[in-house]
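I have placed the structure first, in the form of structure tokens, so that the comments after it can refer back to it.
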Amino acid sequence: MLNSSTTAGPKKNCTSYIDVPDRECTRRLHQYAPKALNSQVQKAFKTMSEIKKEEEKSLNFLEEIIEEDLNRGRYKSILTRFPPEPNGYLHIGHAKSICLNFGLAQKYGGKTNLRFDDTNPVTEDTEYVDSIKEDIQWLGFKWARELYASDYFEQLYNFAIALIQKGLAYVDDSTSEEIAQQKGTPTEPGIANTYRSRSVEENMRLFTEMREGKYKDGEKVLRAKIDLASPNMHMRDPILYRIKHAHHHRTGDKWCIYPMYDFAHGQSDSIENITHSICTLEFIPHRPLYDWFIEKLEIFPSHQYEFSRLNLTYTVMSKRKLKQLVEEKYVTAWDDPRMPTISGFRRRGYTPRSIHVFADKIGVAKRENLIDVSLLEFCIREDLNKTSIRRMVVFDPLKVVITNFEAAMEILKGENNPEDPHTTYRDIPFSREIYIEREDFMEVAPKKFFRLAPGQMVRLKHAYIIKCDDFVKDANGNITELQCSYIPESKSGSDTSGIHVKGTLHWVSVPHAINAEVRLYDRLFKVEDPSSEEGDFKDYINPNSLDVVETVYAEPALKQSKFDDRYQFLRKGYFCLDKDTSEEKLVFNRTVTLKDTWAKEVKKG
RNA sequence: UGCCCGAUAGUAUAAUGGUAGUACGACAGAUUUUGGUUCUGUUUGUCUUGGUUCGAAUCCAGGUCGGGCAACCA
């Protein structure tokens with residue numbers, strides 16, 4: 001017998017017996033290593049703990065479930081599905097679900113079906129089917145099979161017949177108001193009507209006639225016979241089929257009865273042998289029904305698991321609200337770069353990789369959340385910093401004359417991407433007249449202003465150090481021109497001047513500049529969580545979410561811009577070409593700004 | 001006031017009875033020919049009250065707060 005005081009704690013497995021001294025050792029290292037040990041030991045210690053972390057990379061609750069199912073031999077491989085209703089465009093919340101469903105299958109060597117939940121013909125359209133497929137493909141995922149709930153209409157109809165014959169479904173002639181009333185409330189049980197006791201034969205006849213089109217919309221429904229007193233409202237004889245004489249985008253006019261979500265989704269999962277049917281939290285109360293159909297029909301037991309949907313600060317995420325923004329012209333379209341739709345992010349310049357990383361970083365859990373949009377911005381900056389092509393573009397020009405520059409022009413070299421060790425270079429023309437950003441000059445500069453001011457020096461990126469000798473004002477007192485001298489020995493890459501300046505400015509040569517339009521986007525809403533505010537969410541729309549600068553001045557290399565390219569306009573932000581670009585005009589979208597600690601400094605005063 | 005779900009730094013997310021950690025943010029510093037990047041450091045947390053236990057974020061009970069459910073929507 002072991003001493004109970006030493007064995008009482010650890011249970012479950014014996015490794016904790018070993019863990020205790022190990023943990024104690026780790027604790028001591030934590031306590032003493034930083035001060036007592038030299039840096040090399042600290043480094044080694046850190047590496048070890050990092051390795052440990054790699055190995056112990058924790059699983060989210062879905063991964064845990066799947067691993068257990070696989071380990072226990074419940075399934076040989078997993079099959080997930082992404083089941084959108086084609087009644088709108090996909091948003092970043094769907095991207096989370098897509099990354100989850102496809103990502104889980106990839107991780108565990110399984111597959112994922114794309115299944116359109118097209119059971120309501122009046123809201124759905126092929127336009128949406130196409131956009132959904134495009135968005136998933138853009139994210140880089142491949143579905144195993146492209147399926148439609150409507151493919152199963154005949155099968156689902158037979159399931160309904162089976163329930164009727166088991167005495168588990170009946171045709172109800174009540175109006176929707178009557179049904180709602182008879183359902184009771186969460187605190188009062190529902191009451192049965194006379195239709196509930198119809199015979200199997202009568203139900204069979206009536207349901208057949210429903211299918212044949214003998215009745216008008218709303219005249220009859222098929223209901224499951226479960227429990228009108230259930231504390232779960234979804235179990236109070238839910239509607240299975242309703243009559244809709246409507247044209248379906250795939251089945252045309254073949255059907256005039258359509259299954260409800262609850263009668264279609266679980267059975268579709270079952271027909272496809274989906275092992276893990278993952279949906280959002282609001283479907284939790286539907287799960288008993290999902291299981292009830294599977295049990296009563298004795299079909300493949302798919303299982304439903306729920307996770308919390310994504311919410312992002314300064315935007316809205318419901319299809320209904322997004323639709324409203326489009327229809328009421330608060331934005332130009334579903335793919336307006338301010339929209340949180342996948343197509344909006346795509347047009348704005350987000351990369352699939354940045355969205356994958358984002359989806360990974362936010363994790364998966366079952367609690368309500370509101371993710372700070374700065375995390376998404378971090379993800380896209382991190383990606384674009386490594387991959388984007390650097391260019392110089394002046395948005396608000398101030399002319400600078402380099403008074404001692406005598407040549408007509410000089411060609412300078414600029415690296416296309418300093419983050420890339422194998423970077424290539426482009427030519428940048430330099431001349432006597434250049435534009436700099438108006439905000440980069442101040443007549444009277446505060447202490448920490450590292451830019452141009454009378455008598456002050458700055459470096460022109462990829463070029464020379466210049467000194468501001470004088471400035472010219474017009475009649476209204478506006479500064480119209482700067483007169484500077486350059487230091488010939490200070491050329492980038494071969495600077496022998498010995499001069500050190502704190503500021504570096506982007507610029508373009510006046511005679512070589514090309515024009516473009518840039519569209520600067522800000523958050524769509526003024527408040528973090530528009531949906532939780534009083535009144536209409538549209539009252540909180542940011543009126544300055546779009547700032548169009550019709551003419552900016554860009555270095556000539558930008559003339560060769562391609563739609564797939566991503567640019568960093570030095571000191572300005574990340575940009576990409578917009579589809580509104582024409583022969584006459586280049587149009588760029590600002591994907592995201594650069595981090596700007598100077599702006600913060602200024603704000604602080 | 002029925003049923004269901006949830007609660008860990010500002011925001012997310014780990015720790016599965018034994019070190020409360022990570023990321024983003026914020027702040028400070030170093031580096032920098034982008035006030036970018038990179039690097040370093042600092043900051044802040046287990047909803048509450050009891051109980052079980054040598055030991056509780058974790059298990060149990062009560063409470064509080066948040067969310068969902070009464071569509072012929074999904």
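Within every chain, numbering begins at 1; the chains are lettered A, B, ... in the order of the sequence lines, protein sequences first and strands thereafter. All heavy atoms count here, side chains included; hydrogens, waters and symmetry mates do not.
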Any sub-3.5 Å donor-acceptor pair from Thr313(A)'s side-chain atoms to Asp372(A)'s backbone N or O? no
Query raised in the report: Is the shortest side-chain N/O distance from Ser308(A) to OP1 or OP2 of C5(B) below 4.0 Å?
Result: no
Which whole number of Å gives the distance between the C1' atom of C59(B) and that of G17(B)? 8 Å
**Residue-phosphate contact under 4.0 Å: Lys361(A) side-chain N/O, U11(B) OP1/OP2** = no
Reading nucleotides 69-74 of chain B from 5' to 3' and marking B where a protein heavy atom lies under 4.0 Å of the base, S where only the sugar-phosphate is that close, and - otherwise, the string is SBSBSB
Checklist entry - Using the ring of each side chain (for Trp, its six-membered ring), is His234(A) parallel, tilted or perpendicular to His286(A), with breaks at 30° and 60°? => result tilted
Only residue of Ile487(A), Ile466(A), Leu452(A) satisfying side-chain contact (heavy atoms from CB on, under 4.5 Å) with Met457(A) is Ile487(A)
Between the side chains of His265(A) and Arg81(A), is a donor N or O closer than 3.5 angstrom to an acceptor N or O? yes
Practice prompt. Write down the distance separating the C1' atoms in A9(B) and U22(B), rounded off to the nearest Å.
Written response: 12 Å
Whole-Å distance, Glu377(A) CD to A12(B) C1', equals 15 Å
**Asked** What does Phe378(A) touch in the nucleic acid at a heavy-atom separation under 4.0 angstrom: a base, only the sugar-phosphate, or nothing?
**Response** sugar-phosphate
Query raised in the report: Does any donor atom in the side chain of Asp529(A) or Asn311(A) lie under 3.5 Å from an acceptor atom in the other side chain?
Result: no
Checking all strands, does Ile465(A) fall into the base, sugar-phosphate, or nothing category for heavy-atom contacts under 4.0 angstrom?
nothing
*asked:* I want to check something: taking the side chain as every heavy atom from C-beta on, are Gln304(A) and Phe283(A) in contact at a cut-off of under 4.5 Å?
replied: yes
*If you measure from the P atom in C3(B) to the same atom in A12(B), how many Å do you get, rounded?*
29 Å
Write out a two-atom table: protein N or O, nucleotide N or O from nucleotides 30-34 of chain B, distance below 3.5 Å.
residue: U33(B); atom: O2'; partner: Lys461(A); partner atom: NZ; Å: 3.1
residue: U33(B); atom: O2; partner: Ser492(A); partner atom: OG; Å: 3.3
residue: U33(B); atom: N3; partner: Arg459(A); partner atom: NE; Å: 3.4
residue: U33(B); atom: N3; partner: Arg459(A); partner atom: NH1; Å: 3.4
residue: U33(B); atom: N3; partner: Ser492(A); partner atom: OG; Å: 2.3
residue: U33(B); atom: O4; partner: Arg459(A); partner atom: NH1; Å: 3.3
residue: U33(B); atom: O4; partner: Ser492(A); partner atom: N; Å: 3.3
residue: U33(B); atom: O4; partner: Ser492(A); partner atom: OG; Å: 3.0
residue: U33(B); atom: O4; partner: Gly493(A); partner atom: N; Å: 2.9
residue: U34(B); atom: O2; partner: Gln568(A); partner atom: OE1; Å: 2.9
residue: U34(B); atom: O2; partner: Arg571(A); partner atom: N; Å: 3.1
residue: U34(B); atom: N3; partner: Gln568(A); partner atom: OE1; Å: 2.5
residue: U34(B); atom: O4; partner: Arg390(A); partner atom: NE; Å: 2.9
residue: U34(B); atom: O4; partner: Arg390(A); partner atom: NH2; Å: 3.2

- Report yes or no: does Thr315(A) contribute a side-chain atom to a donor-acceptor pair with the main-chain N or O of Pro340(A) at less than 3.5 Å? no
note: Arg381(A), atom CZ; U38(B), atom C1'; distance rounded to Å ~ 16 Å
Rounded to whole Å, CG of Asp360(A) lies from P of A14(B) at a distance of 11 Å
Given Watson-Crick and G-U pairs under 3.5 Å, RNA chain B in dot-bracket ([ ] crossing, | other strand) is .((((((..((((....[..)))).(((((.......)))))....(((((..]....))))))))))).....
Side-chain atoms of Arg367(A) come closest, of G2(B), G25(B), U13(B), to U13(B)
Notebook entry, point to check: Does Arg211(A) offer a backbone N or O that forms a donor-acceptor pair with the side chain of Trp255(A) under 3.5 Å?
Noted result: no
Rounded to whole Å, CG of Leu312(A) lies from C1' of C24(B) at a distance of 13 Å
Review point. Using the C1' atom in both, what is the distance from U43(B) to U11(B), to the nearest Å?
Key: 15 Å
Arg309(A) atom CZ is separated from G6(B) atom P, nearest whole Å, by 18 Å
Whichever of Asn369(A) and Lys448(A) has the more 5' nearest nucleotide on RNA chain B, that residue is Asn369(A)
From the candidates A14(B), G35(B), G25(B), the one with an atom nearest any side-chain atom of Ser58(A) is A14(B)
Base, sugar-phosphate, or nothing: which does Arg451(A) touch, judged by heavy atoms less than 4.0 Å apart? base
### Flag, side chain of Asp118(A) to backbone of Pro121(A), donor-acceptor distance under 3.5 Å
no
side-chain contact (heavy atoms from CB on, under 4.5 Å) with Gln267(A): of Phe293(A), Tyr152(A), Tyr290(A), only one passes, and it is Phe293(A)
Parallel, tilted or perpendicular, judged at 30° and 60°: which one describes the rings of His94(A) and Phe82(A)? perpendicular
Rounded to whole Å, CZ of Phe61(A) lies from C1' of A14(B) at a distance of 15 Å
Quick note, Lys366(A) side chain, CB onward, closest among G6(B), C24(B), A12(B) is G6(B)
Separation between the C1' atoms of G29(B) and U64(B), rounded to whole Å = 43 Å
*Evaluate the side-chain proximity of Ser97(A) to Phe307(A): yes if any heavy-atom separation is below 4.5 Å, no if none is.*
yes
Please check if the side chain of Glu437(A) supplies one atom and the backbone of Phe395(A) the other of a donor-acceptor pair under 3.5 Å.
-> yes
Phe307(A) atom CZ is separated from C5(B) atom P, nearest whole Å, by 18 Å
Rounded C1' spacing from U33(B) to A20(B) in Å:
44 Å
In whole angstroms, the gap separating P of G35(B) from CD of Gln456(A) amounts to 14 Å
query = Backbone N or O of Ser388(A) within a donor-acceptor pair of the Arg390(A) side chain at under 3.5 Å?
reply = yes
- Using the C1' atom on both, measure U46(B) against U19(B) and round to a whole Å. 15 Å
**Asked** In whole Å, what separates the P atom of A57(B) from that of U48(B)?
**Response** 11 Å
